[in-house]
Amino acid sequence: MLRSGLFTKRFNSTTTSLASGRTSQVALLNFPRASLLSFSSQTPRFLSSAANSFTHLKSQLSDPTLMTAAGFIDNEFIATSSSGKHFAVYDPAKGTPIAHLPDMGIEETERAIQSAKQALPAWSQTTAKERSTILRNWYNLILENEQDLAKIITWENGKPLADALGEVRYGASFFEWFSEEAKRLYGEVIPSPNRQQRMIAIRQPLGVVGIITPWNFPNAMITRKLGAALAVGCTVVAKPASETPLSAIALYELGRRAGVPKGVIGLVTTHHDTKAIGKHLCESQDVSGISFTGSTAVGKLLLKQSADTVKKVSLELGGNAAFIVFEDADIDKAVDAAVLAKFRSSGQTCICVNRFYVHSSIMDAFGERLRERVEKFRVGSGMEASTTHGPLINKASVEKVRSHVHDALDNGAKLLTGGKESENMHGYFYPPTVLTDMKNNMRIATEETFGPVAGIFKFDTEEEVLEYANNTRFGLAGYFFSKDVSRCWRVAESLQVGMVGVNTGAISSEVAPFGGVKESGIGREGARQGLDEYTQYKYINMAI
Ligand code: NAP
């Protein structure tokens, strides 16, 4: 049930509050978003254009009720915030607003926490089979509505519709997987060292969990967490990225239909109060765990904020993946994998390659073949069937990518293709770019670009390239290509990362443990290990 109409008469308060801006958080991350930049110029015309777009997009869905501009608290969709503020969601392919969402704050977050706390005893005592059935229902509903869910992803995130559909299926796979794993939350019977006692360890849900997700996989990053949390009997308060809240809301509507009981899942939509809400979730004594996917800067902040309440914190953070092509590699296979591992989602995935290291004897051949492939890409709106690569999420992302390319060129890199921006594209586009002759003093060597730029460095020995690849504080994913089996084991074991692709660029799967080492995170998602983040052991000693 929707408690209030969309786009209520809040133009004045919205304009004022949005104009005041959330600059402190932006300064912290050095990553201002286009939405923020545009807010100061908001007018009633701007707001009504968002309303018109919203109505128009809704009418393109088979089930328009999946597109709602509201948070979800205590089993109700809430379309207004207690402050009366709203924030805009943009279509990155056009740079225009498509929806206005309630800009919720601490008050709504606390309501969602209390609702989740109240729901916890009953939910945590449901049987694994009951929770499994609900997750399975939810999985089925996602697949039944996959076309609509994919459109919503493309509208708010920009990725091509085919990729968005892939994300919906990937996202659904976590509900399928955890509906099965729910039934396998085994404890342990421990052989007792004496005859008078029996010992067992059971696994119990953490409690209420706070979930914060990024914009790059608006559907799958939330299902990867929700699936595990609900499977073990936790209740949840989630905060989706302010750029892409609509996918999360659509999922919640399906969750309601799947039979998730009142209070078990809450969703707080916000833009201005993100920082305060994050702090509140971390510091609340009623929240027992935090699961975050996003930038390393924010992950570190959440970890610090969770210290006083000694919370269990699971962090999936930024990466700086190396992709190594040894002299004995199959170059064509390596190029196929490079196209996927570098340019998927226009370079905006955490496991995207950031640095290509190619043996000096094959660097020119690899660079040339990659250039040919990249020049066949079709960049445009994700809704066009011919588009292979969509826009970046916002203006700040384009600026960051541009600055990485300029830095490389200024320091002697050679441009193989791309690098020149078209004036005819109105959204947040950057042309897929390949650079060679990269050096270790360039920004791409150490910073996550998060965009469609492949920078190729050369190397001569295995020892040398391992030193380069590991010379970073990040450690999420790494890839390499070689036909030498001994080398494959050696290098896979030596890369300081949480995930390695050997002769492949596709590593994500719901059945495998996803996560990083060093400053790329703590904990694992998906796989059977995904349940660990939401459970704790209780040891029971029984005298006989
Ligand atoms: P981000 O700025 O850290 O934002 C991620 C989420 O955190 C958003 O919901 C954001 O809310 C929220 N947030 C921002 N500042 C916060 C604060 N002070 N307190 C609490 N929450 C806060 O990251 P992003 O730019 O959206 O995502 C890109 C990053 O995520 C990249 O570094 C990428 O590598 C990483 N990532 C990692 C994985 C993984 O599995 N390891 C997967 C995907 C992405 P607002 O939207 O309201 O600002």
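Read the numbers this way: they start at 1 and go in the same order the structure lists the ligands and their atoms.
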In ligand 1, which numbered atoms sit nearer than 4.0 Å to a non-hydrogen atom of Phe292?
-> 3 (O), 5 (C), 6 (C), 7 (O)
Charged tip of Lys342 within 45° of Tyr479 ring normal and under 6.0 Å = no
Which ligand 1 atoms are under 4.0 Å away from a heavy-atom of Ser242?
-> 45 (P), 46 (O), 47 (O)
What orientation do Phe481 and Phe323 show, parallel under 30°, tilted 30 to 60°, or perpendicular over 60°?
-> parallel
Just how far is it from atom CD of Glu253 to atom CG of Asp148, taken to the nearest 0.5 Å?
-> 12.0 Å
Leu302 touching ligand 1 at heavy-atom level, < 4.0 angstrom = yes
Do Trp215 and Phe450 have their ring centres less than 6.0 Å from each other?
-> yes
Flag this pair as yes if the NZ/CZ of Arg256 is under 6.0 angstrom from the six-membered ring centre of Phe72 and inside a 45 degree cone about the axis; otherwise no.
-> no
Return a yes/no value for Thr274: is any of its N or O atoms, backbone included, closer than 3.5 angstrom to an N or O of ligand 1?
-> yes
Give yes or no for whether the N/O distance cutoff of 3.5 Å, strictly under, is met between Leu317 and ligand 1.
-> yes
For Leu301, take its heavy atoms, then give the atoms of ligand 1 lying under 4.0 Å from any of them.
-> 18 (N)
For Ala445 and Arg355, work out which heavy atoms get closest and say how close.
-> O-CD, 3.2 Å
Option of least heavy-atom distance to atom 40 (O) of ligand 1 (set: Gln305, Glu243, Arg224, Met221) = Arg224
Within the 4.0 Å heavy-atom cut-off, what Ile351 brings close to ligand 1 is neither
State if Phe514 counts as touching ligand 1 under the rule of any non-hydrogen atom under 4.0 Å.
-> yes
With heavy atoms under 4.0 Å as the rule, classify the contact between Phe450 and ligand 1 as side chain, backbone, both or neither.
-> side chain
Just how far is it from atom OG of Ser82 to atom CZ of Arg111, taken to the nearest 0.5 Å?
-> 7.5 Å
Heavy-atom nearest pair, Pro102 first then Ala69, reads CD-O, 3.5 Å
Determine whether the side chains of Asp103 and His86 contain a donor N or O and an acceptor N or O closer than 3.5 Å.
-> no
Checking heavy-atom distances from atom 36 (N) of ligand 1 to each of Gly299, Pro245, Cys282, Cys350, the winner is Cys350
Check: Glu448 N/O within less than 3.5 Å of ligand 1 N/O = yes
Tightest non-hydrogen contact, residues Leu267 and Ile249, listed as CD2-CG1, 3.6 Å
Contact atoms of ligand 1, heavy-atom distance to Ala241 under 4.0 Å | 8 (C), 9 (O), 46 (O)
Say whether Ser295, considering both its backbone and side-chain N or O atoms, lies within less than 3.5 Å of an N or O atom on ligand 1.
-> yes
Who passes side-chain contact (heavy atoms from CB on, under 4.5 Å) against Val89, sequence neighbours left out?
-> Phe87, Ile98, Ala99, Leu101, Glu156, Pro245, Leu246
So for Thr213 against ligand 1, with non-hydrogen atoms under 4.0 Å, the contacting part is backbone
Got a sec, which residues hit ring pair (Phe, Tyr, Trp, His ring centres under 6.0 Å) with His404, two or more places apart in sequence or on another chain?
-> none
Decide whether an N or O pair under 3.5 Å exists between Thr296 and ligand 1.
-> no
For Asn216, the ligand 1 atoms with a heavy-atom partner under 4.0 Å come out as 43 (C), 44 (C)
At a 4.0 Å threshold, what atoms of ligand 1 neighbour a non-hydrogen atom of Leu476?
-> 41 (N)
So the atoms of ligand 1 within less than 4.0 Å of a heavy atom of Gly278 turn out to be 20 (C)
